[in-house]
**Student:** 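After the structure tokens below, expect a handful of questions from me.
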Amino acid sequence: MINKHKGRLFVISGPSGAGKSTLINDAIKSLKKFHVSVSVTTRPRRKNEIEGKKYRFITEEEFDSMINQSMLLEYAEYCGYKYGTPKMFVEKEIENGNNIILEIEVQGAMQVKKFMPEAYMIFIITPSMHVLKERLHKRNTEEPHIIEKRLVTANSELDYQKYYDCIIVNNDYNEALLNLRYILKMQAKNIKD
Ligand code: 5GP
């Protein structure tokens, strides 16, 4: 059962290049009481990324130490690097009545689903693998060999769609944005416009 005074946890997954981050950031601009969790990762920082905004970039040793101290809500390896959600922020904010969004890949999402079945799970996809490939090349944040790796991973990630509460197809951006915003608002149950 959902406690009215607590916030809710939202998990959003989908292949790399499906447009998750942009959609999430735009969707919560006009929604109160929504925050996106900052992950830790061992992946190197991209040129346009700011430390502490979407990620804290940490070493393998720091990551392992966080695992050993049970500081991560979930974690997984993705295309050779580790990614995880610090537990304390999520627990504190939910307790304070804020809704928290985790933008995470499918293995981590399955861990969350198991331990927090009340979390609402959203999967974002592109209309086809062809479109996904085009978008990954166009955004130009990874080398071509990394893009190939991400496309292979994307294929296996699609098998997990069935474990999610809803699927949003990011074909027309504005339509996908409206859908995401509506779903977040309806499922949060503790916010008004
Ligand atoms: P990117 O390297 O493109 O930023 O992220 C690669 C994948 O890792 C994406 O699918 C992203 O959603 C996922 N990811 C980001 N943060 C986390 C996290 O904290 N935990 C897990 N399991 N996956 C994450």
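Atoms within a ligand are numbered from 1 in the order they appear, just like the ligands themselves.
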**Student:** List the steps, then state whether ring-ring contact (aromatic ring centres under 6.0 Å, His included) holds for Phe34 with Phe10.
**Tutor:** CA-CA 10 Å; Phe34 269 92; Phe10 289 83; 5.6 Å; yes

**Student:** Starting from atom 14 (N) of ligand 1, which protein heavy atom do you reach first, and at what distance in Å?
**Tutor:**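 I find the closest protein heavy atom is Glu103 O, 3.6 Å.
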
**Student:** Other hydrophobic cluster members with Tyr75, side-chain heavy atoms of Ile/Leu/Val/Met/Phe/Trp/Tyr under 4.5 Å, chained?
**Tutor:**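 In the cluster with Tyr75 are Val40, Ile58, Phe63, Met66, Ile67, Met71, Leu72.
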
**Student:** Do any nitrogen or oxygen atoms of Glu142 come within less than 3.5 Å of a nitrogen or oxygen of ligand 1?
**Tutor:**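 No, Glu142 has no N/O under 3.5 Å of an N/O on ligand 1.
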
**Student:** Would you mind running through ligand 1 and noting each atom that sits below 4.0 Å from a heavy atom of Ala76?
**Tutor:**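 With Ala76 as reference, the close atoms of ligand 1 come out as 22 (N).
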
**Student:** So which protein heavy atom does atom 9 (C) of ligand 1 come closest to, and at what separation?
**Tutor:**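 Checked against all protein heavy atoms, atom 9 (C) of ligand 1 sits closest to Lys20 NZ, 3.6 Å.
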
**Student:** Looking only at heavy atoms, is any part of Tyr83 under 4.0 Å from ligand 1, and if so is it the side chain, the backbone, or both, or is it neither?
**Tutor:**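 It is both parts that get close, each with some atom under 4.0 Å.
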
**Student:** For ligand 1, is there an N or O atom under 3.5 Å from any N or O atom of Glu74?
**Tutor:**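 For ligand 1, there is an N or O atom that lies under 3.5 Å from one belonging to Glu74.
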
**Student:** Testing Thr85, Leu23, Ile24, Val11 for side chain to side chain contact (heavy atoms under 4.5 Å, CB included) with Glu103, which one passes?
**Tutor:**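 The side chain to side chain contact (heavy atoms under 4.5 Å, CB included) with Glu103 is passed solely by Ile24 among Thr85, Leu23, Ile24, Val11.
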
**Student:** Evaluate Glu157 for polar contact with ligand 1, using N/O atom pairs at a separation under 3.5 Å.
**Tutor:**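 Between Glu157 and ligand 1, no N or O pair is found under 3.5 Å apart.
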
**Student:** Using a 3.5 Å cut-off on N or O atoms only, is Arg150 in polar contact with ligand 1?
**Tutor:**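 Right, the criterion is met.
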
**Student:** To the nearest 0.1 Å, how far is atom 16 (N) of ligand 1 from its closest protein heavy atom, and which atom is that?
**Tutor:**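 That would be Ser39 OG, 3.1 Å.
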
**Student:** I want to know if ligand 1 touches Ser16 in the polar sense, i.e. an N/O pair below 3.5 angstrom.
**Tutor:**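 By distance alone, the answer is no.
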
**Student:** So, is Glu49 polar-close to ligand 1, with some N/O to N/O distance under 3.5 Å?
**Tutor:**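 Looking only at distances, the answer is no, because the N/O contact criterion of under 3.5 Å is not met.
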
**Student:** Do the side chains of Glu95 and Lys92 get close enough for a salt bridge, i.e. N-O under 4.0 angstrom?
**Tutor:**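 Between Lys92 and Glu95 there is no salt bridge, as every charged N stays at least 4.0 Å from the carboxylate O atoms.
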
**Student:** Which residue holds the protein heavy atom closest to atom 23 (N) of ligand 1, what is that atom called, and what is the gap in Å?
**Tutor:**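 Protein heavy atom with the smallest distance to atom 23 (N) of ligand 1: Glu105 N, 3.1 Å.
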
**Student:** Could you report the tightest heavy-atom contact between Asn171 and Arg135, atom names first, then the distance?
**Tutor:**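 So the two residues come closest at O-NH2, 3.9 Å.
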
**Student:** Testing the basics here: between Tyr164 and Ala109, what is the closest heavy-atom pair and its distance to 0.1 Å?
**Tutor:**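 Distance-wise, the nearest heavy atoms are OH-CB, 3.1 Å.
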
**Student:** Could you tell me, atom by atom, which parts of ligand 1 come under 4.0 Å of a heavy atom of Arg43?
**Tutor:**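 Answer for ligand 1: 1 (P), 2 (O), 4 (O).
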
**Student:** Give a yes/no verdict on whether any heavy atom in Gln107 is under 4.0 Å from an atom of ligand 1.
**Tutor:**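 No, that is not the case, since the closest heavy atom of the residue is not under 4.0 Å from the ligand.
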
**Student:** Heavy atom of Tyr55 under 4.0 Å from ligand 1?
**Tutor:**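 Yes.
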
**Student:** Between Leu132 and Ala154, which heavy-atom pair has the shortest distance, and what is it?
**Tutor:**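 Reported closest heavy-atom pair: CD2-CB, 3.7 Å.
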
**Student:** Is the closest side-chain donor-acceptor distance between Ser65 and Gln69 under 3.5 Å?
**Tutor:**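 Looking only at side-chain atoms, Gln69 and Ser65 do form a donor-acceptor pair, the distance falling under 3.5 Å.
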
**Student:** Under a 4.0 Å threshold between the charged nitrogen and the carboxylate oxygen, would Arg181 count as salt-bridged to Asp26?
**Tutor:**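 Salt bridge: no.
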
**Student:** Could you tell me which residues satisfy ring-ring contact (aromatic ring centres under 6.0 Å, His included) with Tyr182, sequence neighbours excluded, listed by chain and number?
**Tutor:**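 With neighbours one apart ignored, the set is empty.
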
**Student:** Any nitrogen or oxygen of Val40, main chain or side chain, under 3.5 Å from a nitrogen or oxygen of ligand 1?
**Tutor:**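 Min N/O separation from ligand 1 is not below 3.5 Å for Val40.
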
**Student:** Any heavy atom of Arg46 closer to ligand 1 than 4.0 angstrom?
**Tutor:**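 Contact present.
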
**Student:** Check whether Val131 and Leu158 end up in the same hydrophobic cluster, where Ile, Leu, Val, Met, Phe, Trp and Tyr are linked by side-chain heavy atoms less than 4.5 Å apart.
**Tutor:**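 Val131 and Leu158: separate clusters.
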
